[in-house]
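Report on the following structure.
Sequence positions, counted from 1, serve as the residue numbers for this chain. Keep in mind it's a predicted model, so treat the numbers as computed, not measured.
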Amino acid sequence: MEFTAKQIAQFIQGKIEGDENAAVHTFAKIEEGVPGSISFLANEKYVHYVYSTKSSIVLIDSSITLTKPVSTTLIRVDNARDCVAKLLQLYASAQPNKTGIDPLAFISPKAKLGNNCYVGAFAYIAEGVEIGDNCQIYPGVTIMENVKVGNNCLFYPHVSIYHDCRLGNNVVLHSGAVIGADGFGFAPNAETQQYDKIPQIGIVTIEDNVEIGANTCVDRSTMGSTYVRKGVKLDNLVQIAHNTDIGANTVMSSQVGVAGSTKVGEWCMFGGQVGVSGHITIGDHVLLGAQSGAPGSIKSNQTLIGTPPMPKIGYFKSQAIFRRLPDIYKQLNDLQKEVDKLREQLK
């Protein structure tokens, strides 16, 4: 499918500089552009690429000034990064959905499947499952007993959804995601000198417009439900423990771990490898930098980093001092020796 510069400019309300009939059918990074592709330039650090790119069209921030002529067609916009995101969404939505049931899939006669669904080879849908309209279930997906799934969901290969879990509309689960595995509940037994497993009889509830990355796990609750609220986005390799409640529109990068019975607020952002302790509350609009550790509750509207988390300026000042600790320690030793000498002289 091709689009001209004129069509694109009308869609994103941009201003054309060059050939309005220039046509594109794919996307490319500006430094790897080829004829027929569209790129974007939102950072002046990369402005030199616009003079040599082979891309047919480049979206460019209006604030960027060029000092030489270019051969590509430019579309000036206020925010090129946002505009290319809109175009990518348009491009993705134009791709046709798969439909039909592969003969190698297993669907229980006691399951209910909505209209216009796709079920790939070796997918397993157990009895009591209810799936809404326009869902895409790729090969190797396992959906266990009594799971309820809304409309327009997309489950990539080898997703596993354990029994009784509830998923809303427009949920995307990437390959290897596991929804509803047992929470990590064990109690030491003094008599047997072993750990007794605590049955996890709750479920997982995932609300609308959630996307969960590859090999991410959301554990079922001991009782009640683990909640992933509407609009949440979880990266690959994230661990959400039992009985947690992840607030609406919160995002978490790779390798974040949230321990059990913790409540995370709305619109939070956690960088990679953030660790959150159990049985605490994180407020709304909390930003935690990569590799931060949160051992206790955090109030709303804070940007923190480190373990325990602290404001960014204080953290970076502390790190600057930390690097100097060997020199400071030597200076203190030298000063102590001088003080000891003075004491001897004063005796």
Side-chain angles (χ1 to χ4, degrees), residues 165-168 170-174 177-186 198 200 202-319 322:
C165 292
R166 301 290 183 264
L167 287 76
N170 307 309
V171 173
V172 178
L173 303 178
H174 288 274
V178 178
I179 308 301
D182 282 358
F184 192 63
F186 297 90
I198 301 171
Q200 307 290 293
I203 64 170
V204 172
T205 301
I206 296 177
E207 295 184 348
D208 297 348
N209 303 313
V210 169
E211 183 159 346
I212 294 178
N215 295 320
T216 283
C217 299
V218 182
D219 290 348
R220 70 194 312 109
S221 58
T222 307
M223 291 176 283
S225 183
T226 299
Y227 288 97
V228 180
R229 303 293 184 177
K230 64 180 182 180
V232 166
K233 314 298 182 188
L234 304 179
D235 196 1
N236 305 330
L237 298 169
V238 171
Q239 163 65 21
I240 304 298
H242 59 179
N243 291 94
T244 56
D245 189 332
I246 308 301
N249 300 304
T250 283
V251 296
M252 298 182 182
S253 296
S254 180
Q255 298 182 19
V256 166
V258 181
S261 299
T262 285
K263 181 176 176 58
V264 178
E266 299 181 354
W267 292 102
C268 293
M269 299 179 68
F270 293 176
Q273 297 185 336
V274 164
V276 180
S277 185
H279 301 274
I280 66 173
T281 299
I282 308 292
D284 300 333
H285 298 277
V286 171
L287 278 62
L288 292 177
Q291 296 189 325
S292 296
S297 295
I298 299 174
K299 294 181 180 179
S300 298
N301 301 307
Q302 298 191 73
T303 299
L304 306 172
I305 189 170
T307 306
M310 63 179 73
K312 284 196 302 184
I313 294 176
Y315 173 80
F316 289 123
K317 285 182 177 179
S318 298
Q319 289 301 302
F322 181 79

Taking every heavy atom of Thr222 against every heavy atom of Gln200, the minimum-distance pair comes out as OG1-OE1, 3.1 Å
- Apply side chain to side chain contact (heavy atoms under 4.5 Å, CB included) to the pair Asn209 and Lys230, showing each step before the final yes or no. CA-CA 6 Å; Asn209 303 313; Lys230 64 180 182 180; 5.5 Å; no
Rounded to the nearest 0.5 Å, the CD1 atom of Ile198 sits from the CZ atom of Phe186 at a distance of 8.5 Å
| Counting only N and O atoms by type, is there a donor-acceptor contact under 3.5 Å from the side chain of Asp235 to the main-chain atoms of Ser253? | no
Paired with Ile298, the side-chain contact (heavy atoms from CB on, under 4.5 Å) test is passed by just one of Val264, Val276, Leu304, namely Leu304
Within a radius of less than 6.0 Å around NZ of Lys233, do more than 12 heavy atoms belonging to other residues, nucleotides or ligands occur? yes
Is there side-chain contact between Leu173 and Leu167, with heavy atoms separated by less than 4.5 Å? yes
**Report entry** Side chain to side chain, His285 and Ser300, heavy atoms closer than 4.5 Å
**Finding:** no
Interatomic distance, CG@Leu234 vs CD1@Ile212, rounded to 0.5 Å, equals 5.0 Å
On a heavy-atom basis, the closest approach of Cys268 and Gly265 is SG-O, 3.7 Å
Main-chain N/O of Ser277 paired with Thr262 side-chain donor or acceptor, under 3.5 Å
yes
inquiry  = Take a 6.0 Å sphere around CE of Met310 and say whether it holds more than 12 heavy atoms from other residues, nucleotides or ligands.
reply    = yes
**Request:** Indicate yes or no: at least one non-hydrogen side-chain atom of Asp284 is less than 4.5 angstrom from one of Trp267.
**Result:** no
Check: Do Asp245 and Lys263 have side-chain heavy atoms sitting under 4.5 Å apart?
Finding: yes
Residues Ala259 and Gly278: closest non-hydrogen pair is CB-N, 3.3 Å
Between Arg229 and Glu207 (salt bridge meaning N to carboxylate O under 4.0 Å), is one present in this structure? yes
Separation between OG1 (Thr303) and CD1 (Ile313), nearest 0.5 Å, reads 11.0 Å
One should read off an interatomic distance between Ile305 CD1 and Gln291 CD, to the nearest 0.5 angstrom, of 9.0 Å
In short, Ser225 meets Val204 closest at the heavy-atom pair OG-C, 3.7 Å
All heavy atoms of Ala294 vs all of Ile282, minimum pair found to be CB-CD1, 4.5 Å
Taken in chain and number order and not counting sequence neighbours, the residues that satisfy side chain to side chain donor-acceptor pair (under 3.5 Å) with Asp208 are none
| task | Report yes if the side chains of Pro295 and Pro309 come closer than 4.5 Å at any heavy-atom pair, otherwise no. | result | yes
Practice prompt. Show your working on side chain to side chain contact (heavy atoms under 4.5 Å, CB included) between Leu288 and Phe270 and close with a plain yes or no.
Written response: CA-CA 5 Å; Leu288 292 177; Phe270 293 176; 3.7 Å; yes
- Task: Could you check if a side-chain atom of Met269 sits within less than 4.5 angstrom of a side-chain atom of Leu287, using non-hydrogen atoms only?
- Result: yes
Heavy atoms of Arg220 and Thr226 approach each other most closely as C-OG1, 3.7 Å
#### Entry: Side chains of Asp219 and Gln239 in contact at under 4.5 Å (non-hydrogen atoms)
yes
(message) Check whether Asn236 reaches the backbone of Ala214 with its side chain - one donor and one acceptor, N or O, closer than 3.5 Å.
(response) yes
Short question: side chain of Thr216, backbone of Leu237 - any donor-acceptor pair under 3.5 Å? yes
Less than 4.5 Å apart, any side-chain heavy atom of Val274 and any of Met252? no
